[in-house]
Protein chains: 2
Amino acid sequence: MPRKRQADQVDAAILQRLVADPDVTNLAIAASTGLARNTVRARLDRYTAEGALRSFERRIDPAFLGYPLRAYVVTRVTQRKLDRVGAALATVPEVLEVHGLTGVSDLLVHVVARDADDLYRITGHILSIDGVKRTNTGLVMRELVGYRIAQLIDPPQRTAKNTMQNSPPTTL
Amino acid sequence: MPRKRQADQVDAAILQRLVADPDVTNLAIAASTGLARNTVRARLDRYTAEGALRSFERRIDPAFLGYPLRAYVVTRVTQRKLDRVGAALATVPEVLEVHGLTGVSDLLVHVVARDADDLYRITGHILSIDGVKRTNTGLVMRELVGYRIAQLIDPPQRTAKNTMQNSPPTTL
DNA sequence: ACCTAAACTAAGCAGGATGCTCACCTGAAC
DNA sequence: GTTCAGGTGAGCATCCTGCTTAGTTTAGGT
């Protein structure tokens with residue numbers, strides 16, 4: 001299998017533009033990066049093909065769907081039953097994500113809930129899963145640093161020489 | 001301030017369509033939901049205005065940027081210095097997210113790293129922040145349930161009666 | 001029952017963006 | 001030197017976009 005490609009400066013420039021304006025057109029990206037439209041298109045296609053761009057679901061705020069509460073449930077599991085517990089958790093709608101952590105049998109379960117009662121019910125349900133030994137629920141009270149990744153994108157080196165194709169005298 | 005709006009069935013239909021195909025056009029959404037193009041447009045504008053759609057950054061895979069390792073660092077903090085610690089964490093590029101959890105002084109710090117050494121350095125740095133009393137690092141080994149939220153979107157009730165505007169005989 | 005405001009619908013229009021294809025060029029790998 | 005992947009520039013038909021205007025529906029408030 002092909003070794004995973006890693007973002008180069010061109011990718012960085014494109015991604016930064018996308019972060020700044022998710023609805024930016026390919027042409028505008030091409031203009032602001034100095035790339036040809038075809039190149040931008042090829043890159044963008046590659047991102048999805050390579051999995052560099054994750055699901056759109058990540059952009060949907062759970063609160064908008066009626067789940068304003070978030071919690072992380074640290075779950076200690078009987079090691080042999082780890083997969084079965086994972087499968088059981090997958091059937092719980094309020095479980096958004098489950099990660100296996102170092103420390104043989106710890107799971108980090110990311111859940112959302114409609115309200116406190118709802119959360120109580122959900123954590124109770126998790127605890128009732130066969131193989132779950134102990135849970136420790138941490139409700140998210142505050143977002144000290146909101147999700148961000150822009151700071152990890154290398155700044156572009158390329159001078160936007162703005163050689164355009166098919167494009168009007170766009171004001172940059 | 002206006003009370004936060006919550007997704008209705010129309011929103012559900014639109015969001016489901018977007019999850020299925022993030023690059024779907026407004027017109028296609030209008031066609032498949034039976035809404036007018038203007039309505040779809042108004043909704044989509046509202047999503048960003050209301051914050052129902054979160055940053056595009058969430059869709060970028062950190063691995064693609066050269067950070068294949070994820071870890072959650074549970075950080076115990078001197079309560080009075082909580083904000084200061086938050087600010088200090090915000091200056092660390094590898095810190096993607098910081099949440100304050102229930103239990104007065106616990107922070108959940110979501111970090112990424114280039115490799116194990118890198119992670120060691122980062123957690124060491126976090127521990128060195130004034131006000132941090134203790135840290136407990138859980139490296140993500142496995143993704144038992146990948147992030148998903150589609151299951152929380154109410155299924156659409158509306159019959160796609162397909163009244164279109166400006167649109168060709170699209171095959172549904 | 002009435003009124004109002006918000007939301008949706010319908011239509012039209014100009015400007016361009018899109019997706020695609022082809023030909024050519026370049027640099028790196030073998 | 002050949003090959004191949006990736007970038008470029010151009011052209012083209014389709015149709016999407018953003019915006020505006022105007023009429024209609026719906027829900028809430030009094």
Side-chain angles (χ1 to χ4, degrees), chain A residues 1-15 17-18 20-50 52-53 56 64 154 156-172, chain B residues 1-15 17-18 20-50 52-53 56 64 154 156-172:
Chain A
M1 68 171 206
R3 184 169 66 272
K4 262 202 179 172
R5 197 174 72 88
Q6 217 177 88
D8 58 17
Q9 284 158 9
V10 174
D11 296 314
I14 295 176
L15 289 177
R17 195 76 168 77
L18 273 171
D21 176 11
D23 295 327
V24 74
T25 64
N26 286 2
L27 253 166
I29 296 176
S32 68
T33 54
L35 297 167
R37 181 165 77 94
N38 276 349
T39 309
V40 174
R41 184 158 218 298
R43 295 271 179 163
L44 274 109
D45 284 347
R46 249 188 349 196
Y47 297 158
T48 45
E50 292 169 342
L53 279 189
F56 181 84
F64 180 63
D154 292 326
Q157 314 281 358
R158 183 178 273 261
T159 52
K161 60 195 174 81
N162 202 23
T163 52
M164 285 178 275
Q165 164 199 26
N166 292 348
S167 52
T170 313
T171 51
L172 283 186
Chain B
M1 66 173 208
R3 184 169 67 272
K4 262 202 180 172
R5 198 174 69 90
Q6 218 176 89
D8 58 17
Q9 284 159 8
V10 173
D11 296 314
I14 295 176
L15 289 177
R17 195 75 169 77
L18 273 171
D21 175 13
D23 295 327
V24 73
T25 63
N26 286 1
L27 252 165
I29 296 176
S32 68
T33 54
L35 297 167
R37 181 164 78 92
N38 278 349
T39 309
V40 174
R41 183 157 218 300
R43 295 270 179 165
L44 275 113
D45 284 348
R46 245 183 357 192
Y47 297 159
T48 44
E50 292 170 343
L53 280 189
F56 181 85
F64 181 62
D154 291 326
Q157 314 281 0
R158 183 179 272 259
T159 51
K161 60 193 175 83
N162 202 23
T163 53
M164 284 178 274
Q165 164 197 27
N166 292 347
S167 53
T170 312
T171 53
L172 282 186

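Excluded from the calculations below are hydrogen atoms, water molecules and symmetry mates; all remaining heavy atoms, backbone and side chain alike, are included. These numbers were taken from a predicted model, which means no experiment stands behind them. Quick note on labels: first sequence line is chain A, next is B, and so on, each numbered from 1.
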Separation of [X] atom [atom1] from [N] atom [atom2], in whole Å?
X	N	atom1	atom2	answer
L27(B)	dC16(D)	CG	P	5 Å
I14(A)	dG6(D)	CD1	P	14 Å
L44(B)	dA7(C)	CG	P	15 Å
D11(A)	dG6(D)	CG	C1'	12 Å
D21(A)	dT17(D)	CG	C1'	14 Å
R5(B)	dA6(C)	CZ	C1'	12 Å
Y47(B)	dA7(C)	OH	C1'	13 Å
E50(B)	dA6(C)	CD	C1'	13 Å

Original post:
Is there a donor and acceptor pair closer than 3.5 Å between the side chain of R37(A) and the base of dG19(C)?
Top reply: yes

Original post:
What distance do I14(A) atom CD1 and L44(A) atom CG have between them, rounded to the nearest 0.5 Å?
Top reply: 6.0 Å

**OP:** Using a 4.0 Å heavy-atom cut-off across all strands, classify T25(A) as base, sugar-phosphate, or nothing.
**Re:** sugar-phosphate

Original post:
Toward the 5' end of DNA chain C, which comes first, N26(A) or V40(B), by nearest nucleotide?
Top reply: V40(B)

Original post:
Just by modelled atom types, is the A42(B) backbone N or O under 3.5 Å from a matching donor or acceptor in the D45(B) side chain?
Top reply: no

Original post:
Do you know which two heavy atoms are closest between D154(A) and A12(A), and how far apart they sit?
Top reply: O-CB, 2.9 Å

Original post:
Should T39(B) be listed as having a side-chain N or O under 4.0 Å from OP1 or OP2 of dT9(C)?
Top reply: yes

Original post:
Within less than 4.0 Å of OP1 or OP2 of dG7(D), is there a side-chain N or O belonging to R43(A)?
Top reply: yes

Original post:
For the side chain of R41(A), counting heavy atoms from C-beta on, which of dC16(D), dC20(C), dT21(D) is nearest?
Top reply: dC20(C)

**OP:** For D23(A) and for R46(A), find the nucleotide of DNA chain D with the closest heavy atom, then tell me which residue's nucleotide is more 5'.
**Re:** R46(A)

Original post:
Step by step, would you call L35(B) with R43(B) a side chain to side chain contact (heavy atoms under 4.5 Å, CB included)?
Top reply: CA-CA 11 Å; L35(B) 297 167; R43(B) 295 270 179 165; 5.6 Å; no

Subject >> Counterpart residues, side chain to side chain contact (heavy atoms under 4.5 Å, CB included), relative to T25(A) (two or more places apart) >> reply: L27(A), A28(A)

